[in-house]
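Here the structure is a predicted model, which means the values were calculated and not measured.
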Amino acid sequence: VITGEGINPQGNREAWLVQSWGNPFGPIYVIVIGDFNKDDIINADDIDLLRLAINTNSPDPIYDVNGDGLDGTDFDFEVQTIIGSAFGDADLNKQIKFTDFVSLSTNFGSSGTGWAQGNFNLDDITNFADFVFLANNYGTDLSSGESIQMPAPEPASLLLLSLAVGFVAKQRGGNGQ
């Protein structure tokens, strides 16, 4: 039973659980919501653990971060509400920019990848679907705490597209064969 919620000094949402068994003052358990590896930091490792829990239908209620049953909406809630970022932000600095594209392109076509390697959905591979997430949010800056989408200038969009095509060609052999 969650008896209270708040924001801890690191800026993470946490919940307090009180189990007293006759003692009104304890023990108190603090859980940082979304911190599945319990290292007091909500990061790409936690997103990857949530992806695994969703894909394996984990019965553990800790992964139901939005309180409506474990499903893909928990993944959205973790990234957008708990972390305060957007899909495409590989380094979770709340800005979707070229460094995020580099993470994705370096791992493009690789399986067994996670959030930090540009895998922004619930599958197990960094691919074109992940590139679409990044491209749709490219230029977004949430670092001020407000949702600001800076439109990517057309040359930047063309550059991203040409780089993506180049990396796809490289993955397929890319030597004209």
Visitor: For L134 and D100: C-alpha separation, side-chain torsions, deciding distance, then whether side-chain contact (heavy atoms from CB on, under 4.5 Å) applies.
Guide: CA-CA 8 Å; L134 188 142; D100 303 302; 3.9 Å; yes
Visitor: May I ask you to decide if V102's main-chain N or O and S105's side chain share a donor-acceptor pair within less than 3.5 Å?
Guide: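 At least one qualifying donor-acceptor pair exists.
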Visitor: Once side-chain hydrogen bond (donor to acceptor under 3.5 Å, both in side chains) is applied, do any residues pair with S103, and if so which ones, sequence neighbours excluded?
Guide: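 For S103, no residue satisfies side-chain hydrogen bond (donor to acceptor under 3.5 Å, both in side chains) once neighbours in sequence are set aside.
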Visitor: Does the side-chain contact (heavy atoms from CB on, under 4.5 Å) test come out yes or no for L92 and I47, once each step is laid out?
Guide: CA-CA 11 Å; L92 295 175; I47 295 172; 4.0 Å; yes
Visitor: With no hydrogens and no angle check, is any side-chain donor or acceptor of D35 less than 3.5 Å from a backbone partner on D46?
Guide: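 Judged by distance alone, no pair lies under 3.5 Å.
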Visitor: Please walk me through it: do N119 and I125 pass side-chain contact (heavy atoms from CB on, under 4.5 Å)?
Guide: CA-CA 6 Å; N119 186 5; I125 186 168; 5.7 Å; no
Visitor: Can you see which heavy atom on W115 is nearest to which on R51, and at what distance?
Guide: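 Closest heavy-atom pair between W115 and R51: N-NH1, 3.9 Å.
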Visitor: Given side-chain contact (heavy atoms from CB on, under 4.5 Å), test N55 with L122 step by step and report yes or no.
Guide: CA-CA 7 Å; N55 288 338; L122 292 171; 4.0 Å; yes
Visitor: Between the side chain of Q117 and the main-chain N/O of G114, is any donor-acceptor distance below 3.5 Å?
Guide: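 Flag set: sc Q117 to bb G114 pair under 3.5 Å.
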Visitor: How long is the span from the CG atom in L104 to the CG atom in N127, to the nearest 0.5 Å?
Guide: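 Output value for this atom pair is 8.5 Å.
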Visitor: Does any N or O in the side chain of K94 come within less than 3.5 Å of the main-chain N or O of I83, such that one atom is a donor and the other an acceptor?
Guide: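 Looks like yes, one N/O pair under 3.5 Å.
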Visitor: Does any pair with a residue in residues 33-54 pass ring-ring contact (aromatic ring centres under 6.0 Å, His included), and if so which ones, sequence neighbours excluded?
Guide: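 Every ring-ring contact (aromatic ring centres under 6.0 Å, His included) pair that includes a residue of residues 33-54, provided the two are not neighbours, is F36-Y63.
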Visitor: Please tell me if the side chains of V79 and D76 come closer than 4.5 Å, counting only heavy atoms from C-beta onward.
Guide: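 SC-SC contact between V79 and D76 ruled out.
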Visitor: Any side-chain heavy-atom pair from F101 and F131 closer than 4.5 angstrom?
Guide: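 Touching, per the 4.5 Å side-chain cut-off.
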Visitor: Mind checking the CG-OG1 spacing from D89 to T140? Nearest 0.5 Å is all I need.
Guide: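 Here the interatomic distance stands at 9.5 Å.
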Visitor: May I ask whether L52 and V65 are part of the same hydrophobic cluster, defined by side-chain heavy atoms of I, L, V, M, F, W, Y residues being less than 4.5 angstrom apart, directly or through others?
Guide: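 No, it is not one cluster - the side chains of L52 and V65 are not joined through contacts under 4.5 Å.
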Visitor: Hydrogens and angles aside, do N107 and T113 bring a side-chain donor and acceptor to less than 3.5 Å of each other?
Guide: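 Side-chain D/A pair, N107 to T113: absent.
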Visitor: If I take atom CG from residue D123 and atom OG from residue S111, how far apart are they, to the nearest 0.5 angstrom?
Guide: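 Separation between the atoms: 10.0 Å.
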Visitor: Return the CG to NZ distance between D91 and K97, rounded to the nearest 0.5 Å.
Guide: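 If I round to the nearest 0.5 Å, the distance is 7.0 Å.
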Visitor: So how far is it from I42 CD1 to L50 CG, rounded to the nearest 0.5 Å?
Guide: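 I42 atom CD1 to L50 atom CG measures 11.0 Å (nearest 0.5 Å).
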Visitor: CD of Q95 to OG of S144: how many Å apart, nearest 0.5 Å?
Guide: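 These two atoms lie 9.5 Å from each other.
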Visitor: For the residue pair D60 / S58, report whether a side-chain donor-acceptor contact shorter than 3.5 Å exists.
Guide: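 No, no side-chain donor-acceptor contact under 3.5 Å.
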Visitor: What residues, two or more places apart in sequence or in another chain, satisfy side-chain contact (heavy atoms from CB on, under 4.5 Å) together with A116?
Guide: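 Only A44 meet the side-chain contact (heavy atoms from CB on, under 4.5 Å) criterion with A116.
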Visitor: Spell out, as yes or no, whether a donor-acceptor pair under 3.5 Å connects the side chain of D64 to the backbone of D74.
Guide: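 Pair absent, no side-chain N/O of D64 close to backbone of D74.
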Visitor: Ring centroid separation for F133 and F87, is it under 6.0 angstrom?
Guide: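 Aromatic pair counts; centres sit under 6.0 Å.
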